[in-house]
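Right, one structure below, let's go through it.
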Amino acid sequence: MYIDKNTRVLIQGITGRQGSYHTQKMLDSGVAVVAGTTPGKGGQEVCGVPVFDRVFQALDQHPADASMIIVPPPFVLSAAEEAIEAGIKLLVIITEHVPVHDVMRLKAMASKKGVTFIGPNTIGIIAPGQSKVGIMPTFLYGQGGKVAIISRSGTMCHENASNLVNRGVGIGAVISIGGDPIIGVDFVEALEHFRHDDSIGAILLIGEIGQSREEKTAEHLLEHPYPKPVFAFIAGRYAPKGKKMGHAGAIIEKGMGSAKGKIDSLRRVGVKVAMSTQQVADELSRWQEESQQ
Amino acid sequence: MYLREHQAKEILRAAGLPVPESRVVFTPSEVAEAARAIGPCVVKAQVRAGGRGKAGLIALAQSPEEAAAAAQNILGQTHQGETVDRLLVEARLDIARELYLGVVLDTAQATPRALLSTKGGVDIELVAAERPGDLYQMNLDPLQEGIKDLAPWRKLWNQAGLDPDLQEQASKITVRLMELFFQAEAFTLEINPLVVTRQGRIVAGDCKLIVDDAALFRHPELARFKEVDENSLEARAQKIGVTYVALEENGTVGVMAGGAGICMTTMDEVADAGAVPAAFIDLGGGISEENMAAALEVMLATPGLDALLLNVFGGINNCEIMARGVRRMWPSLKDKVTLVIKMRGHSQEEGWAILQELGVPLIKDGTTTEAVRLLMERLEEVRS
């Protein structure tokens, strides 16, 4: 997983309403939040965490492994650039409505510098029982286990993780990759991340209509057979064509990116696609029972 | 945001790209006047959807009288849900051949991708599907390195088979278009047809421009084209920072959730249970008590609504605040709809307490499937 119990987290935008609220929540669940930044607010403290004007100033005194960016959309690109220049290798961008051209630039920059970023428009990542860089209610995700969830939708992480936890299925990792047209880590990269991770026994992919991330994932799985069972769920089977469904990316046009196409292509490569949230919970609890025998 | 043709061409003109002389008009008499000034012209309906030619919404006119007659016929027609309320009167081009030039955001590779073809003027998706060899493609550097270079475009137009004496002109237009794509923060910028006139000039015959709504804050030149029907439920929802999506006209069930993914999932499961979803509201993040109540009010204004499923998480939102919003709207809610709420997350105990006091059927630990099942049971009880 990208994070573990030793991960030290910086929060960019820590003095904002959302920033300070989630800093407290992260501290409450035992995350090592070492510093925060907000230009012009250096010298302050938020929930006991020291605030700096600039990322490099924060890192001079408080080395960090990851940065959570929770600044308003117009400032996301420069915040991310600042973190990359200061040497942070993992960025989690919570902000929604980030201009897509900004994310495209960021993606090019990050790939040149070997930086991993997650989001934007994500609830972040969590290794239950260990750490999180995100805004999810920690208690919904349990205390650890063998299932990894990779999802385009943040709230669908809450839904499925909590359903699984309620059924006694343990979750080892959750990555909310975000629903925007251009994102950092995607399904394929996240799947590869877990390929050789022995702590993860099964994967749940949560996709939705629009674009072709799920179809591309199916192609990838065909070319690179996966050593663990992969389950999936696709939202938007009933969505009317040509209508934007909220997420910038969730729109079907001219038969591209339909739920049916995604479900068919995933099933064709052996992914078990569930048709309801109940079925997701049923199938994964059956998997857990069988794998424990 | 989809721009209308005349808006997109205004942007092209401002960027120094060649477009025909034209005027935007709203009445047949204005059309005649424009045609007098312009000469032989094309009268084009200014709707956003494609397929205008086939629908008879584009007419050629030799005289002001012909233009006025065409306008009479086109104005007020409906095309894919849009009523024609304005026309573009444009100078007729003496067409020798038609090219295609476009650039789209390739979201999978996270780069813009330029597309060009000497087989323009037709549905380019068909060219791509049936004769992919006729469509020439090149990905651009997102960091815009080398964006002003003409050489790669000369080469590509040459490969595409464009007449050598047109290659320089076409390449300059291509460079300008690519620059404009970045400047406008476009998703799609397409000129089809890109007309070559008998006089050897290259001119934009039509233009499709889709820009990023999230970037409009730094583009006043584009933001002024934003049109909203102030009274629509979509616009009312937008004002309070939530997204309203109308679904089926004969729908009776409203869905409210935080995030497009769970909205769509809930809608799917409602439909699977045999009910018809009428609309959903995506609450997004950071909702206040006031806005929660206002969002419920918008949902209640949906025609035909008799049931509501609230499927929410306290993530970036807070359960207690959302429950207080429900309490505010409770008098109207309990009279109008059968309500089921599934809620968990931050401050769930406080939220549950408020809802239990109101007597709302509540799912705490169940799945969305179970919440839909409970709603269906309640509806059955109400209807029997």
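Note on naming: letters A, B, ... go to the chains in the order of the sequence lines (proteins, then strands), and numbering restarts at 1 for each one.
Under the 3.5 Å distance criterion, with hydrogens and angles disregarded, no donor-acceptor pair is assigned to the side chains of B/Q183 and B/E179. Between the side chains of A/T138 and A/K132, at least one donor-acceptor pair of N or O atoms lies under 3.5 Å. A side-chain N or O of B/T369 and one of A/T277 form a donor-acceptor pair less than 3.5 Å apart. Neither side chain, A/N163 nor B/T367, offers a donor N or O lying under 3.5 Å from an acceptor on the other.
If you measure heavy-atom distances from A/V165 to chain B, you find no contacts under 4.5 Å at all. Contacts between B/Q109 and chain A at a heavy-atom distance below 4.5 Å are absent for every atom of the residue. When heavy atoms are compared at a cutoff of 4.5 Å, B/T266 does not approach chain A at all. For B/N311, the part lying near chain A is the side chain, with the backbone staying farther off; criterion is any non-hydrogen pair under 4.5 Å. Using a 4.5 Å cut-off between heavy atoms, B/A246 contacts chain A through both its backbone and its side chain. In this structure, no portion of A/I123 lies under 4.5 Å from any heavy atom of chain B. In this structure, chain A has a heavy atom under 4.5 Å from the side chain of B/D212, while its backbone stays farther away. If you measure heavy-atom distances from B/A110 to chain A, the contacts under 4.5 Å come from both the backbone and the side chain. Looking at A/I206, there are no atoms closer than 4.5 Å to chain B (heavy atoms on both sides), in backbone or side chain. Interface residue B/F182: backbone and side-chain heavy atoms are both found under 4.5 Å from chain A. At a 4.5 Å heavy-atom cutoff, A/R167 makes no contact with chain B through either its backbone or its side chain. In this structure, the portion of A/M136 lying under 4.5 Å from any heavy atom of chain B is its backbone and not its side chain. Within the 4.5 angstrom heavy-atom criterion, only side-chain atoms of A/N166, from C-beta onward, approach chain B. No part of B/L216 comes within reach of chain A, as not one of its non-hydrogen atoms sits under 4.5 angstrom from that chain. For A/Q18, the part lying under 4.5 angstrom from a heavy atom of chain B is the side chain only.
Among B/D213, B/T111, B/T368, the residue making the largest number of heavy-atom pairs under 4.5 Å with chain A is B/T368. Interface summary for chain B: among A/A281, A/P74, A/G134, the most heavy-atom pairs under 4.5 angstrom belong to A/P74. Highest contact tally toward chain B, considering only A/Q279, A/M104, A/H97, is held by A/M104 [criterion: heavy-atom pairs under 4.5 Å]. Chosen from B/D272, B/V270, B/D106, B/L247, the residue pairing most often with chain A at heavy-atom distances under 4.5 Å is B/D272. Counting heavy-atom pairs under 4.5 Å between each of A/I94, A/I234, A/D102, A/V98 and chain B puts A/D102 at the top. Between chain A and the residues B/L143, B/V372, B/D141, B/V312, the largest count of heavy-atom pairs under 4.5 Å involves B/L143. The most heavy-atom pairs under 4.5 Å with chain A, out of B/R344, B/E370, B/M267, come from B/R344.
Relative orientation of the B/H346 and A/H22 rings is tilted, given thresholds of 30° and 60° on the angle between their planes. Using cut-offs of 30° and 60° for the angle between ring planes, the B/F181 and A/H101 rings count as tilted.
Nearest heavy-atom pair, B/R52 versus B/H79, reported as atom, atom and distance to 0.1 Å: N-NE2, 4.2 Å. Scanning all heavy atoms of the two residues, the minimum distance from A/I175 to A/A190 falls at CD1-CB, 4.1 Å. Nearest approach of B/I11 to B/E221, heavy atoms of both residues: CD1-O, 4.1 Å.
Between the side chain of A/E214 and the backbone N or O of A/E208 there is at least one donor-acceptor pair closer than 3.5 Å.
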| Given the rule in the side-chain hydrogen bond (donor to acceptor under 3.5 Å, both in side chains) test, do B/Y244 and B/T302 qualify, once you have shown the distances and angles that lead to the verdict? | CA-CA 10 Å; B/Y244 180 95; B/T302 306; 2.8 Å; yes
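Around the CD atom of B/E227, the shell of radius 6.0 Å holds more than 12 heavy atoms that belong to other residues, nucleotides or ligands. For A/R17, the CZ atom is loosely surrounded, since the number of other residues' heavy atoms within 6.0 Å does not exceed 12.
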